[in-house]
Structure formats: C-alpha cells, structure tokens
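Following: one structure in structure tokens, then a few remarks.
Count residues from 1 along the sequence. In each ligand, atom 1 is the first atom listed, and ligand 1 is the first ligand listed. No hydrogens, no waters, no symmetry mates; every other heavy atom, side chains included, goes into these values. None of these values were measured; they are calculated from a predicted model.
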Amino acid sequence: MHRPSLTELPAFKALSAHHAQARDWQMRALFAQQPSRFADLSLEAAGLLLDYSKNRVNPETMQLLVQLARESGLEAKRAAMFAGEKINATERRAVLHTALRLPRNASLVVDGQDVVPEVHAVLDRMKSFSERVRSGSWTGCTGEPVTDVVNIGIGGSDLGPEMACRALRTFAHPRLTMHFVSNVDGHDLDAVLSKVNPGTTLFIIASKTFTTRETMMNAQSARAWFLQKHDEAGLPRHFVAVSTNTEAVSAFGIDPDNMFPFWDWVGGRYSVWSAIGLPLVLAVGFDAFSEFLAGAHAMDAHFLGAPLERNMPVILGMLGVWYRNFFDSASVSIAPYHQDLSQFPAYLQQLEMESNGKRVTSGGAPVAVATCPVVWGDVGTNGQHAYFQLLHQGTDITPVDFIAALRPAHALAGHHAVLLANCFAQAEAFMQGKTADEVRAEMRAQNVAEDRIEALLPHRVFPGNRPSNMLLMDALNPATLGALIALYEHKTFVQGAVWDINSFDQWGVELGKVLAKNIEAELAGGPRPDRHDASTNALIERARAALSG
Ligand code: G6Q
C-alpha cells in the first residue's frame, strides 16, 4: 500500500498550521468556554471509560486528527489486519492476535484455512489441562498435586502472562503460586529454584521459536535441577511446552502431547491470548480466561465498528501523534492507580516501543517525523513521591495516561477513596497548575512576608496545561483487563499506520544477539579477543580473567 509521506498529507499540513495557535491554548480556558467538555470529550467502550477532556485540543483539533488517521489509510490497514493479510511484510506474516479472541462460532479463512477451529482446539486442550492441574488430579512424580508453576520464557513469552497473572491475582487459585523466570542471569532462576520443591513444581517452557538463548539455557538448568532429585521418568509430569516448534520441543525431551501450539501469525508481544497465556489459565481458570478473551474481543469489535470520531483506540492513538509530532513530547507516562497493574507499564513498553520504535517506513524510506515516544511509568500513588515532580514542573511536556478502577478487590476500609482522590487530584493539578496570583494569595493567607513570597514564587508556580487521559473501569477483572490490553494494542496499531511503519517486526533486537554469540565464545576461552574496538576487547579481557579465576 503506497501512500505519500506523512508530512505531505493535507491533514498533517492543516494540523501544523492549527498547532501554531493550539500551542498557546490554556486548558483552563478551554474548560471555561465549553461546559460540556467532559461529555464531549469522553467515551465508553468494552467496559472502559476514556476521559480525554484534559488535552490541549478543541473540536477542530479532534476533527483534523481523525482526518489524518483517514488520510493515512488507517481504515484499509485495519481491514487488512483483521482479514489476515500479510501486513507484516518484512517477515511475510499475517498479524492475527485478534483471531485468538474470536468466539467459537466465528470463522476466519486465511490461506484457504479457517483458523478459528484450530484456535479453539488449543483452547480446549488448555482447558482440560488446567482443570487437571487446578483440581489436583494432575500430580507430580511423587503423587502430590502441583503447588508452584514456573514459566520460563522471555519478552513476549513472559511479559504478558506475568503482567496478567499479577493483575488478576485476586482471581487466582489458592494452591498455585506462579513464578516467572526470564533473565539469562542465573540469579533469576536461582531465586525461584531456591523456593520451590521439584516434586510439586510444574515448568512451562514458553518459546515461540524454542531457540531463544535465555529460555533454552534456563530450561536446561531447570531440567538438570529437577534431575538432581528425580529421575527422567518424572519429567513429563513436570515439564510442558508452549511453542510453534514441535521438533525442538521433542528434541528437548518434552512429549508433544504436553506441548501447546500456536502459530507464526501470533507476534510475541501480542501472544498473551494464545497458549502463551497458559500460566494465566492455570492461575485464574479457563472461565476467567474466556472472559479475558471476550473483553479483548469486545474492544476489537469497537475498534472495527465505531466511527473513527468515537473510536477509543483511534482517539488514544491520535492524541499520542498530536503530542509526539506537534509538541515534540519524547515520552509518555503510564500511571496505573492500581497496585495489581504494577507490571502494566513494562508490558506497554514492549508493546509500543518494540512495535513502533522504527525509523523507516514500510517502503524502506526514512520516516519524516518522530515515531514512538519512550513509554515509562509506575503505579500511583508511588510515582507521586518520586518522579511526578518532573511531570509537574520539569521542562518537558509528558502526557500521562491514568488508569483506575472504581471498585477495589479488597475490603480494607478507606484506602480506595484515598487512592482515587490522589488519581483525580493529579490529573486536575496537571491541567490547572497554580498561577503566581494563586500562590501569592495562598501565602498571604498564611501570613508569609512579602519578600519571602516573591523569592519563593517562581518555585511554587505550577505551569499546568499538562495533558492527561483518564481510563476508568468499574473493577479490574478478566474482561476489563482484556479490553484494556486490546485498547493499547490497537492504539499502537493506529500510530504505526499513521507513521507508515511495520509495527510487527523487530529487526532491531538482532544485532546484539549475534554479537553476544561471538563474545560468548571468546569468554569461554580460546584466543585473546582483538577483533573488537579497544573498549570491548578490554572488557572481555577482564571478564575472561574473572570467569576463569
Ligand atoms: C516479541 C518479540 C520478543 C520475543 C522473545 C521471545 O514480539 O519477538 O520479545 O517474544 O524474543 O521469543 P521466543 O518466544 O521465540 O522465545
């Protein structure tokens, strides 16, 4: 699909001109002029409310942003993705995480084959396996039920299930403790192995390719650890695999009957909905996992069907484009006011930055504008006592996405109202700021001397006018979590479509992998390394000495 460079599109030019005025707008004034601003600039879908009224936009801005989405070919690209066209052109793959959440009675024919029955056949296997583990009828080699599940995987084979298991911890089976090991750093695996009992531990080796260095090394070490206590005959009760590579799974020694497959059209960072979600199914049960899929499917239906003007992923994505490309905001902060979403910023880091951290268009030309901002954040209220200072009074404008649930999943009196009060107050403070007159009045009321007031004034003024979105759900549950993740997946898609980049490959991770392999061989001994730069040679020398000593 060829299209003109982004900066040549009429809506982009119109937005550039529009921005020349918009950059001076004050949101305080926009709220004063438009009493219906909340009603006008908020919408609900799939159990989520998005309030985007605290942004530096007016109706014309929103109309131009939607026009830009249209001129970027978003609608055709969206249709191509949902239809299973090979939109990941550099890897010649379809991108069909949305097919993983289609109901059983749907149909989606790709390359002459309906993928929905295959998807549900694997779901059925995940269901029966999880029921056996949860009920205790699946026992370890000593005859005892499983108490601990260790997922060994990295990147897309780790971040999704780990984030989701934490998010839904209040729905989890009381007997099962979930662990996630990803890092090749042995401290990661060691910390888990030192806590669990081999006779009651189930390892899930999760790797799409089943060749990833970190995962294979951790899997081999876990196997060796198991074999120190039990014999080979016990392995099938304790090791299962999630992969697309049956041969490599068998070669590792895992029975293909204990392998849960998925397909090359599921990208790693979009794979929590596939068998990669097995830890989540074990933790919360198949019914809850089905609700998780249904929540995502509801967001898919909204993204496909709602007019662009009332389309949550489109609005979220285009507001991001507005700040990235017109205000030069280099980062975006994610602030979940929900402790159970503590891993959500890390999850989004991979989702957005691996997808849209690209510098060439799908046609291979340099992108004319800045692409993915840095995504970062942590739970509220913790962030307030750390880096929110920079968000309030630093020199950059960093848009913030607040995420909160109206109802808690705990019974501790009072906490939730304090949490929500802080969440809403921060968004209000970012928008309102505090003017010099307000600071003066406040300090005079406290009888502070005039010279002291003037000295402190610049430090105590908050510029305000800092944008944020508020995402609210009734409660964090499998369905709303599914919808939330799918919302950000589609937001990422929208931005990739506007920037005309391939959001589904990740060539940038390759170079370091290859170099690490070379250095690994050098660290293992052999001739002294002299083929690197002076710095790398010297570092390798030091490590060689330490490792051999
Ligand atoms: C995600 C990436 C990457 C991948 C890991 C693990 O989109 O491709 O994070 O998920 O490198 O790969 P395997 O599942 O093949 O081990």
*Carefully, step by step, assess Q350 and Q506 under the rule side chain to side chain contact (heavy atoms under 4.5 Å, CB included).*
CA-CA 11 Å; Q350 181 188 30; Q506 55 283 315; over 6 Å; no
_D300 versus T98, side-chain donor and acceptor atoms under 3.5 Å_ = no
_Stepwise side-chain hydrogen bond (donor to acceptor under 3.5 Å, both in side chains) test for R324 and Q495_ = CA-CA 10 Å; R324 183 70 181 119; Q495 296 188 337; over 6 Å; no
_Shortest protein heavy-atom distance from atom 15 (O) of ligand 1, along with the residue and atom involved_ = T209 OG1, 2.6 Å
*Could you please spell out the steps behind the ring pair (Phe, Tyr, Trp, His ring centres under 6.0 Å) verdict for F129 and F260?*
CA-CA 10 Å; F129 177 68; F260 298 85; 5.3 Å; yes
*asked:* Which residue and atom name correspond to the protein heavy atom nearest atom 9 (O) of ligand 1, and how close is it?
replied: Q350 NE2, 2.7 Å
_Geometric N/O contact T212 with ligand 1, under 3.5 angstrom_ = yes
_Nitrogen or oxygen atoms of G155 and ligand 1 under 3.5 Å apart_ = no
_For atom 5 (C) of ligand 1, what's the nearest protein heavy-atom neighbour? Residue, atom name and distance, please._
I154 O, 3.5 Å
*Do K77 and D500 meet the salt-bridge criterion of a basic N to acidic O distance under 4.0 Å?*
yes
*Would you say N218's side chain and N183's backbone share a donor-acceptor pair under 3.5 angstrom?*
yes
_Interfacing atoms of ligand 1 (cut-off 4.0 Å, heavy-atom, S207)_ = 13 (P), 14 (O), 15 (O), 16 (O)
*Around atom 10 (O) of ligand 1, find the nearest protein heavy atom and jot down its residue, atom name and distance.*
G156 N, 2.9 Å
*Heavy-atom contacts with S157 under 4.0 Å: which atoms of ligand 1 show up? List them by number with element.*
10 (O), 13 (P), 14 (O)
*asked:* Minimum distance, heavy atoms only, to atom 1 (C) of ligand 1: which one of R213, K513, Q506, E354 is it?
replied: E354
*If you draw a 6.0 Å radius around CG in D111, do more than 12 non-hydrogen atoms from other residues or ligands fall strictly inside?*
no
